[in-house]
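Heads up: the structure comes next, in structure tokens.
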Amino acid sequence: MLKKSLVAVGLAAVLALSACSGSPATGGTGGDEITLGFAQVGAESGWRTANTKSVQESAKTAGINLKFSDAQQKQENQIKAIRSYIQQKVDVIAFSPVVESGWDTVLKEAKDANIPVILTDRAIDSPDKTLYKTFLGSDFVLEGEKAAEWLIKDKEAATGDVNIVELQGTTGAAPANDRMSGFADVIKAESKFKIVASQTGDFTRSGGKQVMEAFLKSNPKIDVVYAHNDDMALGAIEAIEAAGKVPGKDITIISVDATKDGMTAAADGKINFIVECNPLLGDQLMDLTKKVLAGETVPERVVTEETTFDSEQAKAALPDRKY
Ligand code: AHR
């Protein structure tokens with residue numbers, strides 16, 4: 001590991017290593033290459049697939065040796081992967097925490113091993129900010145706020161109650177918590193907006209479909225679906241169509257991500273509004289990895305820039321959509 005070579009290992013050993021390789025050795029490969037251990041959440045959504053591809057391609061382009069693991073949406077698998085990266089003495093660990101809580105112990109282990117950690121995409125709720133160097137990703141609260149602001153305008157003329165059902169992301173995940181609170185904080189300004197049901201669909205298409213089927217059965221009047229991601233909105237659309245209703249017309253649909261599939265549904269008028277959440281974090285992650293390892297100061301928070309799309313805007317943007 002580069003940092004250990006320079007800090008912890010004695011001068012003689014460093015000289016010996018340098019003599020063999022021409023420059024200080026890195027840990028994961030034993031060569032000059034930087035080794036990054038990346039513990040991914042899983043493959044639950046189109047967004048996640050695009051994020052994984054972005055990280056893998058950017059590592060290749062940046063000449064970084066990437067060790068990649070898929071935790072299948074389970075925190076214990078992610079913790080195991082991080083521990084294995086510590087054992088392998090990788091140079092940097094990056095991960096997208098499946099849930100917000102419960103990371104302090106393993107991140108202390110990384111810190112004790114002098115391995116810097118970068119959070120990507122999702123935050124943790126630890127008050128100890130020394131456990132990681134930076135957090136790269138979206139502002140999920142803002143995403144929820146944008147969804148609610150659009151809804152308020154769209155339903156300006158509505159005089160009666162506007163019944164909303166919410167498809168939450170994975171329970172305990174930062175994007176689920178924040179998209180929920182951002183949305184709720186804005187719509188509470190107008191009492192006609194009622195969240196009549198809110199349940200997790202685990203960010204998956206099948207989860208969205210299943211939960212929406214149940215919502216349709218138990219709620220006679222649903223005006224709006226607020227889905228925390230495109231996959232769940234797409235699952236909900238299947239359930240709505242199977243129930244003989246027209247998505248985007250009988251029921252207004254709002255979603256987050258703006259993946260190609262989501263944008264296609266928006267262009268077709270089945271999703272009315274999408275808040276973008278950009279998964280293409282690979283290049284920024286590789287850049288931060290190099291800077292952190294070189295001991296450069298990096299901002300403690302790097303926020304991704306994002307936009308929104310109504311149906312017409314989705315139609316226009318679709319041909320150039322990268323994910
Ligand atoms: O953390 C980002 C979220 O995770 C995306 O919005 C969702 O699609 C994914 O599974």
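Counting starts at 1 for both ligands and their atoms, in listed order. All heavy atoms count here, side chains included; hydrogens, waters and symmetry mates do not.
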- Query: Are Lys108 and Leu131 side-chain neighbours, meaning at least one heavy-atom pair lies under 4.5 Å?
  - Reply: yes
- Considering only heavy atoms from C-beta outward, does the side chain of Phe135 approach that of Ile118 to under 4.5 Å?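 The answer is no, as the side chains (C-beta and beyond) never meet within the 4.5 Å cut-off.
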Going by the order shown, which atoms of ligand 1 are within less than 4.0 Å of some heavy atom of [X]?
X: Asp257; result: 5 (C), 6 (O), 7 (C), 8 (O)
X: Pro175; result: 1 (O)
X: Ser45; result: 7 (C), 8 (O), 9 (C), 10 (O)

- Candidates Trp103, Tyr85, Phe38 - the one meeting ring-ring contact (aromatic ring centres under 6.0 Å, His included) with Phe95: Trp103
- Message: Tell me whether Glu145 contacts the main-chain N or O of Arg179 through its side chain, where contact means a donor paired with an acceptor under 3.5 Å.
- Response: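 Side chain of Glu145 to backbone of Arg179: no pair is present.
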- Item | Region of Glu143 engaging ligand 1 - heavy atom pairs below 4.0 Å | neither
- Using distance alone, determine whether Trp47 and ligand 1 share an N or O pair under 3.5 Å. no
- Query: Is Arg122 close to ligand 1, meaning an N/O of one under 3.5 Å from an N/O of the other?
  - Reply: yes
- Query: Of the choices Asn229, Thr170, Val275, which has the non-hydrogen atom that lies closest to atom 7 (C) of ligand 1?
  - Reply: Asn229
- Message: Tell me the protein heavy atom at minimum distance from atom 10 (O) of ligand 1, and give that distance in Å.
- Response: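 Answer, as residue, atom name and distance: Glu44 OE2, 2.4 Å.
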- Message: Tell me the protein heavy atom at minimum distance from atom 2 (C) of ligand 1, and give that distance in Å.
- Response: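 Answer for atom 2 (C) of ligand 1: Asp121 OD1, 3.3 Å.
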- Task: Under the side-chain contact (heavy atoms from CB on, under 4.5 Å) rule, what do Val224 and Val162 come out as? Steps first, then yes or no, please.
- Result: CA-CA 7 Å; Val224 178; Val162 177; 3.7 Å; yes
- Charged N-O contact under 4.0 Å between Asp223 and Lys221: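 Salt bridge flag = yes for Lys221 with Asp223.
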- Check against side-chain contact (heavy atoms from CB on, under 4.5 Å), Thr308 and Glu276: CA-CA 5 Å; Thr308 60; Glu276 184 180 45; over 6 Å; no
- Query: Is there a heavy atom of Arg179 sitting under 4.0 angstrom from any atom of ligand 1?
  - Reply: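 Yes, that is the case, since the closest heavy atom of the residue is under 4.0 Å from the ligand.
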